[in-house]
Amino acid sequence: MKSKVNLVVKDNDLIKAGYRLTLMEQRIVLMAITQLNRAVTVDHVTLYRVTVHDMARALGVASDNLYPALKEAAENLFERKFTIILSDGKPLVSRWVDSSRYLHSEGAVEISFSQTVMPYLTQLKERFTCYDFFDIANLSSMYSVRIYELMMQWKTVGVVEIKVGELREMLELTDRYSRLAEFKRNVVDTSIKQINEHTPYSVTCIANKQGRRINSFTFRFCEKQKTVRKSENKKSISKDSEISDRARQMREEAIAATTKTRG
């Protein structure tokens with residue numbers, strides 16, 4: 001059972017949007033998204049806080065190693081933008097946040113999401129993707145997080161095909177890794193390896209060719225056998241198991257009582 005506290009929920013258009021956030025910038029944004037109340041309209045001035053200690057617990061690392069990275073990410077987030085293609089085919093470019101600041105004495109980042117991005121994060125009724133933040137906590141490539149999100153958009157069918165050009169635009173890599181072999185090795189293959197090692201899913205990738213040139217990638221994936229997460233939500237998982245056991249016991253008692261009455 002997924003904990004609502006750790007749930008990342010995004011509109012599918014935001015999943016496919018073009019942007020390039022560093023790994024730490026993505027982690028801050030995603031941890032802030034888990035704090036959103038998605039059932040109500042949320043204004044764009046509300047502040048969301050991510051602390052060094054919260055991040056350290058989520059990643060399973062020492063907090064001392066995170067202060068410089070968190071500070072740098074907070075300082076750069078205000079300049080980060082994303083591009084979404086609207087239904088009329090025209091691009092919409094927006095900032096992720098309206099404000100971002102690093103609180104040195106508290107070891108924390110506070111951000112407020114931009115007014116433009118909020119509709120893609122809250123009150124979503126359809127065409128959205130969700131996953132547990134802890135599923136991607138141990139990924140160490142900013143590209144592997146994005147490819148994992150793309151997979152989660154199609155998790156009900158377990159397969160997604162994306163053209164090379166579309167993947168480049170999504171990751172904002174149209175100006176890097178000009179050689180396709182280099183792009184595949186450094187972006188796709190690295191992401192596949194990390195996703196297989198550090199997430200609840202197993203994935204394979206097929207490079208589809210048109211003539212002699214690769215023109216798309218097909219990702220096929222399925223959920224691994226469930227294991228207990230290495231995270232703070234072990235307690236919540238244990239609690240959920242206890243609740244399930246009690247519910248099972250109550251159901252069995254009710255069935256027994258019904259059978260006895262009918263007898």
From [X] atom [atom1] to [Y] atom [atom2], the distance as rounded to the nearest 0.5 Å:
| X | Y | atom1 | atom2 | value |
| --- | --- | --- | --- | --- |
| Glu79 | Ser100 | CD | OG | 10.5 Å |
| Tyr143 | Gln26 | OH | CD | 10.0 Å |
| Leu36 | Thr46 | CG | OG1 | 9.0 Å |
| Phe221 | Thr204 | CZ | OG1 | 10.0 Å |
| Glu149 | Lys16 | CD | NZ | 13.0 Å |
| Ser216 | Leu167 | OG | CG | 10.5 Å |

Without swapping roles, check the side chain of [X] against the backbone of [Y] for a donor-acceptor pair under 3.5 Å.
| X | Y | result |
| --- | --- | --- |
| Ser191 | Ser144 | yes |
| Gln153 | Ile15 | no |
| Arg95 | Phe113 | no |
| Asn196 | Val203 | yes |
| Arg168 | Arg176 | yes |
| Arg27 | Met55 | no |
| Lys155 | Thr129 | no |
| Gln35 | Arg49 | yes |
| Arg80 | Tyr19 | no |

Not counting sequence neighbours, which residues clear salt bridge (Lys or Arg N to Asp or Glu O under 4.0 Å) with Glu72? List them please.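 Not a single residue meets the salt bridge (Lys or Arg N to Asp or Glu O under 4.0 Å) criterion with Glu72.
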May I ask you to test the [X]-[Y] pair for a side-chain heavy-atom distance under 4.5 Å?
| X | Y | answer |
| --- | --- | --- |
| Met31 | Thr51 | no |
| Pro91 | Ile85 | yes |
| Phe183 | Asn186 | no |
| Leu21 | Phe82 | no |
| Asp135 | Met152 | no |
| Leu30 | Val145 | yes |

Tell me whether [X] shares a hydrophobic cluster with [Y], the cluster being built from Ile, Leu, Val, Met, Phe, Trp, Tyr side chains joined at under 4.5 Å.
| X | Y | value |
| --- | --- | --- |
| Met24 | Val61 | yes |
| Leu14 | Leu92 | yes |
| Val45 | Val109 | no |
| Leu23 | Ile28 | yes |
| Met170 | Leu86 | yes |

Do other residues, nucleotides or ligands put more than 12 heavy atoms under 6.0 Å from the [atom1] atom of [X]?
| X | atom1 | value |
| --- | --- | --- |
| Glu197 | CD | yes |
| Arg220 | CZ | no |
| Arg127 | CZ | yes |

Test of ring centre spacing under 6.0 Å for Trp154 and Phe219: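 No: the rings miss the under 6.0 Å criterion.
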Could you pull out all residues at least two apart from Ser112 that satisfy side-chain contact (heavy atoms from CB on, under 4.5 Å)?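 Residues passing side-chain contact (heavy atoms from CB on, under 4.5 Å) with Ser112: Leu47, Asp98, Ser99.
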Scan side-chain atoms only and decide if Tyr102 and Glu75 contain a donor-acceptor pair under the 3.5 Å cut-off.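 Per modelled atom types, Tyr102 and Glu75 side chains form no pair under 3.5 Å.
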